[in-house]
A.B. asks: 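Below are the structure tokens for one structure; questions will follow.
Only this structure's heavy atoms are used, side chains among them; waters, hydrogens and symmetry mates stay out. Small disclaimer: the values here were computed from a predicted structure and weren't measured.
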Amino acid sequence: MAGSSLKRCSLEGKIIVITSGKGGVGKTTATASIGAALALEGKQVAVVDMDIGLRNLDVVMGLENRIVFNVVDAVKGKCKIKQAAIKDRRIENLYLIPASQSDNKDVLTPDAMVRFCKELRKEFDFVLLDCPAGIERGFENSVAPADEAVVICTPEISSVRDADRVIGLLYARSITPKLIVNRIVPEMVERGDMLSHEDVVEVLSIELLGLVEMDTQVIISTNSGIPLVLQKDSNAGQAFRRIAMRMNGQKNLPIEIPQTSKSFWKRVGQKIGIGK
């Protein structure tokens with residue numbers, strides 16, 4: 001952690017796995033954004049890249065040049081947590097524990113992750129585990145220590161089907177998942193070319209945590225290393241801020257539905273009596 005020290009939490013923190021089943025649905029961006037937003041809420045947060053052998057969370061967070069130790073080193077006792085945890089450059093209380101690129105997923109076990117996360121609970125209010133795609137060893141390692149789960153799903157049939165499979169596996173482990181529908185394109189939903197969030201929720205039948213619009217600012221954020229939630233003109237960033245607030249206890253915060261500008265003016269017209 002390059003010369004910084006962790007502040008100890010007064011209570012044990014939550015371990016939350018961010019998963020999807022299917023790859024390419026924006027799970028790593030979601031993990032980084034939610035972690036950053038929770039830290040902005042004043043919480044001590046660690047985001048942990050569990051995609052052993054690949055590693056992308058460090059790039060999304062702009063911390064790829066500061067890695068010395070990784071999660072495998074920390075789990076196996078080759079270094080202390082504070083040596084593996086890299087402090088974010090822009091957001092106080094946010095830390096990254098990166099994945100190893102030189103190992104494979106079998107190097108860790110579910111039991112070892114449970115023991116490791118028991119130690120993380122003492123140091124952080126929230127620990128977000130960025131689960132790799134699929135439902136094999138990487139999934140097992142990520143789910144084993146989790147108190148809660150967030151399932152990321154896009155409004156596509158294949159993504160919904162994979163999410164449904166993962167949800168069943170989480171319930172089998174007595175973990176109640178919550179849902180984020182990501183990469184919504186309001187114009188496509190309005191034309192009937194994309195599933196609506198109501199369609200997705202109806203199929204998956206789990207609590208909705210938030211809706212995130214497709215946003216080109218995600219690419220800019222990834223390339224620049226500037227957290228999405230710090231970009232005021234990012235609809236996705238603001239959606240992740242609201243999601244983090246709900247995760248931090250603000251249960252009554254309404255979920256905003258991405259709308260086209262046409263939909264907005266249609267609603268205005270209806271209110272003043274000139275629309276149908």
A.B. asks: In terms of side-chain geometry, is the basic nitrogen of Arg191 or Asp193 positioned less than 4.0 Å from the acidic oxygen of its partner?
C.D. replies: yes

A.B. asks: Could you state whether Ile67 and Val59 fall into the same hydrophobic cluster, counting links through intermediate Ile, Leu, Val, Met, Phe, Trp or Tyr residues with side-chain heavy atoms under 4.5 angstrom apart?
C.D. replies: no

A.B. asks: With the 4.5 Å side-chain cut-off for hydrophobic clustering, are Ile180 and Phe126 part of the same group?
C.D. replies: yes

A.B. asks: Any idea which heavy atoms bring Val72 and Asp103 closest together, and the distance?
C.D. replies: CG1-OD2, 3.8 Å

A.B. asks: Under the side chain to side chain donor-acceptor pair (under 3.5 Å) definition, can you give me all pairs with a residue in residues 165-185, not counting sequence neighbours?
C.D. replies: Glu140-Arg173

A.B. asks: How would you list, by chain and number, every residue that makes a salt bridge (charged side-chain N to carboxylate O under 4.0 Å, His left out) with Asp199, sequence neighbours excluded?
C.D. replies: none

A.B. asks: What about Leu57 and Leu228, same hydrophobic cluster or not, with Ile/Leu/Val/Met/Phe/Trp/Tyr joined at side-chain heavy-atom distances under 4.5 Å?
C.D. replies: yes

A.B. asks: Is it true that a side-chain atom of Asp147 and a backbone atom of Ile15 form a donor plus acceptor pair closer than 3.5 Å?
C.D. replies: yes

A.B. asks: Nearest 0.5 Å please: distance from the NZ atom of Lys105 over to the OG atom of Ser100.
C.D. replies: 11.0 Å

A.B. asks: Tell me if a side-chain donor or acceptor on Asp125 pairs with a main-chain N or O of Gln44 at a distance below 3.5 Å.
C.D. replies: yes

A.B. asks: Please check: side-chain N/O of Arg246 versus main-chain N/O of Lys251, any donor-acceptor pairing under 3.5 Å?
C.D. replies: no

A.B. asks: Do Val200 and Leu179 have side-chain heavy atoms sitting under 4.5 Å apart?
C.D. replies: yes

A.B. asks: Could you check whether any side-chain N or O of Arg137 sits under 3.5 Å from a backbone N or O of Leu108, counting only pairs where one atom can act as donor and the other as acceptor?
C.D. replies: yes

A.B. asks: Tell me, please, which residues at least two apart from Asp58 pass salt bridge (charged side-chain N to carboxylate O under 4.0 Å, His left out).
C.D. replies: Arg55

A.B. asks: Among all residues two or more places apart in sequence or in another chain, which pass the side-chain contact (heavy atoms from CB on, under 4.5 Å) test with Arg161?
C.D. replies: none

A.B. asks: Taking all heavy atoms of Gly21 and all of Thr19, pick out the closest pair and write down the distance.
C.D. replies: N-OG1, 3.9 Å

A.B. asks: Sorted by first residue and then second, give each salt bridge (Lys or Arg N to Asp or Glu O under 4.0 Å) pair with at least one member in residues 15-33; sequence neighbours left out.
C.D. replies: Lys27-Asp130

A.B. asks: Any chain of hydrophobic side-chain contacts (each under 4.5 Å) joining Val218 to Ile226?
C.D. replies: no

A.B. asks: Would you check if Leu209 and Met247 make a side-chain contact, meaning some heavy-atom pair closer than 4.5 Å?
C.D. replies: yes

A.B. asks: Can you measure from CD1 (Ile219) to CD (Gln217) and round to the nearest 0.5 angstrom?
C.D. replies: 9.5 Å

A.B. asks: Might you confirm whether atom CD of Glu136 has over 12 heavy atoms from other residues, nucleotides or ligands at distances under 6.0 Å?
C.D. replies: no

A.B. asks: Any side-chain heavy atom of Val75 within less than 4.5 Å of one from Thr109?
C.D. replies: no

A.B. asks: Are the side chains of Leu38 and Asn248 in contact, using a 4.5 Å heavy-atom criterion?
C.D. replies: yes

A.B. asks: Taking all non-hydrogen atoms of both residues, which atom of Gln231 and which atom of Ser221 are closest, and how far apart?
C.D. replies: NE2-CB, 3.4 Å

A.B. asks: With sequence neighbours left out, what residues match Glu148 under side-chain contact (heavy atoms from CB on, under 4.5 Å)?
C.D. replies: Lys14, Ile16

A.B. asks: Determine the minimum heavy-atom distance between Pro98 and Ala84, stating which atoms define it.
C.D. replies: CD-O, 3.6 Å

A.B. asks: For the pair Asp88 and Leu96, evaluate side chain to side chain contact (heavy atoms under 4.5 Å, CB included) and give the outcome as yes or no after the intermediate values.
C.D. replies: CA-CA 7 Å; Asp88 189 81; Leu96 163 71; over 6 Å; no

A.B. asks: The criterion is salt bridge (charged side-chain N to carboxylate O under 4.0 Å, His left out); which residues satisfy it with Lys43, sequence neighbours excluded?
C.D. replies: none

A.B. asks: Of all heavy-atom pairs between Gly237 and Asp215, which one has the smallest distance, and what is that distance?
C.D. replies: N-OD2, 4.4 Å

A.B. asks: Please check this pair: side chain of Arg89 against backbone of Gly62, looking for a donor-acceptor N/O pair closer than 3.5 Å.
C.D. replies: yes

A.B. asks: According to side-chain contact (heavy atoms from CB on, under 4.5 Å), who are the partners of Val189, at least two apart in sequence or on a separate chain?
C.D. replies: Ile184, Met194, Ser196

A.B. asks: So, do Phe139 and Val17 sit near enough that their side-chain heavy atoms are less than 4.5 Å apart?
C.D. replies: no

A.B. asks: Nearest 0.5 angstrom please: Cys117 SG to Glu12 CD, how far?
C.D. replies: 11.5 Å

A.B. asks: Side chains of Ile18 and Leu129, heavy atoms from C-beta outward: is any pair under 4.5 Å?
C.D. replies: no

A.B. asks: When you look at Thr154 and Leu195, which way does the side chain to side chain contact (heavy atoms under 4.5 Å, CB included) test go after all the steps?
C.D. replies: CA-CA 9 Å; Thr154 55; Leu195 295 174; over 6 Å; no

A.B. asks: Please name all residues satisfying salt bridge (charged side-chain N to carboxylate O under 4.0 Å, His left out) with Asp49, sequence neighbours left out, ordered by chain then number.
C.D. replies: none

A.B. asks: Tell me who clusters with Met245, hydrophobic residues only, linked when side chains sit under 4.5 Å apart either directly or through other members.
C.D. replies: Leu253

A.B. asks: For Asn70 and Ala99, which heavy atoms make the closest approach, and how far apart are they?
C.D. replies: CB-O, 3.6 Å

A.B. asks: Using atom types as modelled and distance alone, determine if a side-chain donor or acceptor of Arg241 lies under 3.5 Å from a backbone N or O of Leu40.
C.D. replies: no

A.B. asks: Enter the distance from Asn235:CG to Glu256:CD here, rounded to the nearest 0.5 Å.
C.D. replies: 9.0 Å

A.B. asks: Do Thr260 and Glu187 meet the criterion of a side-chain donor-acceptor pair at a distance under 3.5 Å?
C.D. replies: no

A.B. asks: Should Val143 and Ile175 be marked as a side chain to side chain contact (heavy atoms under 4.5 Å, CB included) after you check the CA-CA gap, both sets of side-chain angles, and the distance that decides it?
C.D. replies: CA-CA 9 Å; Val143 170; Ile175 301 173; 3.6 Å; yes

A.B. asks: For the pair Val48 and Leu128, evaluate side chain to side chain contact (heavy atoms under 4.5 Å, CB included) and give the outcome as yes or no after the intermediate values.
C.D. replies: CA-CA 6 Å; Val48 184; Leu128 306 183; over 6 Å; no

A.B. asks: Whether the side chain of Arg66 engages the backbone of Lys87 through a donor-acceptor N/O pair (distance < 3.5 Å, no angle test) should be reported.
C.D. replies: yes

A.B. asks: Side-chain contact, heavy-atom cut-off 4.5 Å: Met50 with Pro132?
C.D. replies: yes

A.B. asks: Drop me the distance from Arg242's CZ to Gln238's CD, to the nearest 0.5 angstrom.
C.D. replies: 7.0 Å

A.B. asks: Please check if Ile86 and Leu54 belong to a single hydrophobic cluster, counting links between Ile, Leu, Val, Met, Phe, Trp and Tyr side chain heavy atoms closer than 4.5 Å.
C.D. replies: no

A.B. asks: Please enumerate all residues that pass side-chain contact (heavy atoms from CB on, under 4.5 Å) together with Ala36, with sequence neighbours excluded.
C.D. replies: Ile91, Leu94, Pro227, Val229

A.B. asks: What I'd like to find out is whether the side chain of Val166 reaches to under 4.5 Å of the side chain of Ile135, using heavy atoms alone.
C.D. replies: yes

A.B. asks: Nearest 0.5 Å, what's the CZ-OG1 distance between Phe240 and Thr31?
C.D. replies: 8.5 Å

A.B. asks: List, by chain and number, the other hydrophobic cluster members for Val68, where Ile, Leu, Val, Met, Phe, Trp and Tyr join if side-chain heavy atoms come within less than 4.5 Å, directly or indirectly.
C.D. replies: Phe69

A.B. asks: Between Gln83 and Lys80, is there a donor-acceptor pair closer than 3.5 Å when you use the side chain of the first and the backbone of the second?
C.D. replies: yes

A.B. asks: Does one side chain, of Asn56 or Thr28, offer a donor that lies under 3.5 Å from an acceptor on the other?
C.D. replies: no

